[in-house]
Protein chains: 2
Amino acid sequence: MLKKERHDFIMRQINLHNRVLTSDLVQLLNVSEDTIRRDLQELVDEGHLFKVHGGALSKSYHSSFDDSTVYARDKKIVIAKKATELIKDGMVVLIGGGTTILEFTKQLPQGLSATFFTISPLVAVELAKYNNVEVVLIGGLFSKNSQVTYGGHVISQLSEIKADLCLMGTSALHPEGGLTDTDWEINQLKKAMLACSKKSAVLCISEKLNITLRLKVCPIESISYLVTELDKEHESLSNYQKKDVNIL
Amino acid sequence: MLKKERHDFIMRQINLHNRVLTSDLVQLLNVSEDTIRRDLQELVDEGHLFKVHGGALSKSYHSSFDDSTVYARDKKIVIAKKATELIKDGMVVLIGGGTTILEFTKQLPQGLSATFFTISPLVAVELAKYNNVEVVLIGGLFSKNSQVTYGGHVISQLSEIKADLCLMGTSALHPEGGLTDTDWEINQLKKAMLACSKKSAVLCISEKLNITLRLKVCPIESISYLVTELDKEHESLSNYQKKDVNIL
DNA sequence: AACATTAATGCACAAAAACGCAAAAACACG
DNA sequence: CGTGTTTTTGCGTTTTTGTGCATTAATGTT
């Protein structure tokens, strides 16, 4: 059996059960423990899984109990604060989910009076704390991974909305590749959200810049505002500025 | 079981109930006390929880008193545990909001496979933690007071659902007056929820029994199950028993 | 104060990982 | 084809890690 085949086999097991035991793999693949260990190490180096004593766990498994420690929280707060400038009294805003967006909802000025449509329950709960803000939660199937509603029902309801601004987090942004994502459902969702908004703003920590993922949501030109934690003039933003995106 | 998995299990318990007992974990995980203690110590070192004599507490327990301020929490937990008996694999359940219901979502058995429709974002988020549970969030205007979606849009979507069981908290229950409420919107909502379910269960702490409020939702006969923290045979429940309500 | 429960500590043992080394296989290239 | 190089693999040894047990200390209860 080829190394590559072993690696694939291991990844299948991981995707299936979220875990593998070294000893099991030794039996199943009929090779020595060392080989398995080396395989696992290589898969770790490629960032595909997570090694622990006795075996390995899926990468996503790890994040399951870490909701207290939001990754790169400080940067996200900076972004969130900047983004509040975009919201004016009387606006109708369509807003997504994700940790950055959630941070954003905590940074809004108290007196703000606006209407928010959202697909994220957590965002809805946060926004409801503002007295003069009206919140509409768009219902549908609820995604365990991304913690937002999704599916046909959501899309069809989105099609009935006309918002002034669409605010969303992002998985990846690239000057040429535009806004991209890995999950098909989320991809559809973002497309629909953009389609029903006059303008759009993307909240994006810098490490997600200049990356392209599998599925394309929209070209860079469709984005009105880009909000990062970097300074407006930072060189890594120049490629976006050229494309007529407003940098915040 | 891998160490990491144990840690994860412990953290799930903590996030769910804000506390764990060392002795419980020993039983549940089938390892020695020492191992549990070491696990807890490591989780403390990583800053995930808070160790006390006899077990550990959630870190947020100390800072945010959200959970401890829930009125009559202990009683509600008793009710919630009883109510889980009503849920069987494969069921389609329509579930409301409120603190009692939220407690209920934390008491369900891990393996449960069912579909839940809900009008409460917080309930949706909790239910999404169960792997085999499908969650559909019913969208609409979001109420700041009761933290559920409401309004015409919700009602019209409810009319398209057919559920096996409807589970709701309650403001007041009376043997003659039936289920009553003070808020007109919530009243409409509860009516609609009952209308689309084959059976209905009301979760109700005893002090809300024998009270009638302004607006009537339904007569007592429309309720299939009544779940309180009292013993089945308690005298204050006899008036309900007579009306053919199943007491849990 | 006496007692029971829970923690901490040191120790022993087993399982797993890391490391260095050597054999075998695959590959490169004149 | 043959020779030198790299890659892959397995083995023995040493370290590290995980676990349980016995003993002692601390804590809570009545």
Side-chain angles (χ1 to χ4, degrees), chain A residues 1-66 69, chain B residues 1-63 65 67-68 73-75 77-78 81 110:
Chain A
M1 177 171 262
L2 267 40
K3 188 163 76 150
K4 175 79 181 157
E5 290 179 301
R6 274 204 318 273
H7 285 199
D8 287 348
F9 181 87
I10 293 172
M11 284 314 297
R12 248 201 326 279
Q13 294 292 315
I14 286 277
N15 289 332
L16 231 52
H17 308 115
N18 279 324
R19 58 174 281 196
V20 283
L21 302 183
T22 311
S23 54
D24 285 358
L25 289 174
V26 168
Q27 289 223 322
L28 286 165
L29 296 171
N30 209 36
V31 287
S32 78
E33 276 193 3
D34 302 66
T35 304
I36 295 298
R37 256 184 229 109
R38 272 184 284 249
D39 285 344
L40 292 179
Q41 188 54 54
E42 282 160 38
L43 289 167
V44 166
D45 294 343
E46 291 163 28
H48 293 308
L49 48 74
F50 195 97
K51 207 149 78 91
V52 295
H53 211 89
L57 298 170
S58 126
K59 207 113 183 263
S60 58
Y61 185 84
H62 176 61
S63 59
S64 63
F65 74 77
D66 254 354
T69 53
Chain B
M1 178 172 253
L2 299 166
K3 189 165 75 152
K4 192 97 200 164
E5 293 179 303
R6 270 203 322 272
H7 286 197
D8 196 65
F9 181 89
I10 294 171
M11 285 313 297
R12 248 205 325 277
Q13 295 293 315
I14 286 276
N15 287 334
L16 237 50
H17 306 118
N18 280 320
R19 52 172 280 200
V20 283
L21 302 183
T22 312
S23 53
D24 285 357
L25 290 174
V26 168
Q27 288 225 321
L28 286 165
L29 295 170
N30 210 34
V31 288
S32 78
E33 274 193 4
D34 303 67
T35 303
I36 294 298
R37 258 186 225 107
R38 271 184 286 248
D39 285 345
L40 292 179
Q41 188 55 53
E42 282 161 39
L43 288 167
V44 167
D45 294 344
E46 290 164 26
H48 291 307
L49 49 75
F50 196 100
K51 206 149 76 90
V52 293
H53 210 88
L57 297 172
S58 144
K59 213 146 182 229
S60 58
Y61 180 83
H62 225 51
S63 49
F65 284 81
D67 282 303
S68 54
R73 185 144 191 272
D74 293 344
K75 291 180 183 173
I77 292 178
V78 174
K81 279 192 176 146
Q110 264 305 319

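Only this structure's heavy atoms are used, side chains among them; waters, hydrogens and symmetry mates stay out. Chain A is the first sequence line, chain B the second, and so forth, proteins listed ahead of strands; every chain is numbered from 1.
Taking CD1 from A:Ile10 and CG from A:Leu40, the interatomic distance works out to 5.0 Å, rounded to the nearest 0.5 Å. In this structure, the separation between OG1 on A:Thr35 and NZ on A:Lys3 is 10.0 Å, given to the nearest 0.5 Å.
Of the possible donor and acceptor atoms, none in the side chain of A:Ser58 sits under 3.5 Å from a partner among the backbone N and O of A:Asn15.
Other residues, nucleotides and ligands contribute over 12 non-hydrogen atoms within 6.0 Å of the CD atom of A:Glu5. More than 12 heavy atoms of other residues, nucleotides or ligands lie within 6.0 Å of NZ in A:Lys51, so this atom counts as buried by the packing criterion.
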Q. Once each nucleotide of nucleotides 14-23 of chain D is scored for protein heavy atoms under 4.0 Å, what B/S/- sequence comes out, 5' to 3'?
A. ---SSBBBB-

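Mapping heavy-atom proximity under 4.0 Å, the span of DNA chain C touched by chain A runs 5' to 3' from C:dA16 to C:dC19.
Of all non-hydrogen atoms in A:Leu57 and B:Leu2, the two that sit nearest each other are CD2-CD1, 4.1 Å. Shown here for A:Ala56 and A:Leu49, the closest heavy-atom pair between the two residues is CB-CD1, 4.0 Å.
As judged by a 4.0 angstrom heavy-atom cut-off over every strand, B:Ser23 is placed among residues making no nucleic acid contact. At a threshold of 4.0 angstrom between heavy atoms, the contacts of A:Val52 are confined to the sugar-phosphate backbone, with no base atom among them.
Of the charged side-chain nitrogens involved, none lies within less than 4.0 Å of a carboxylate oxygen, so that B:Asp8 and B:Lys4 do not count as a salt-bridged pair.
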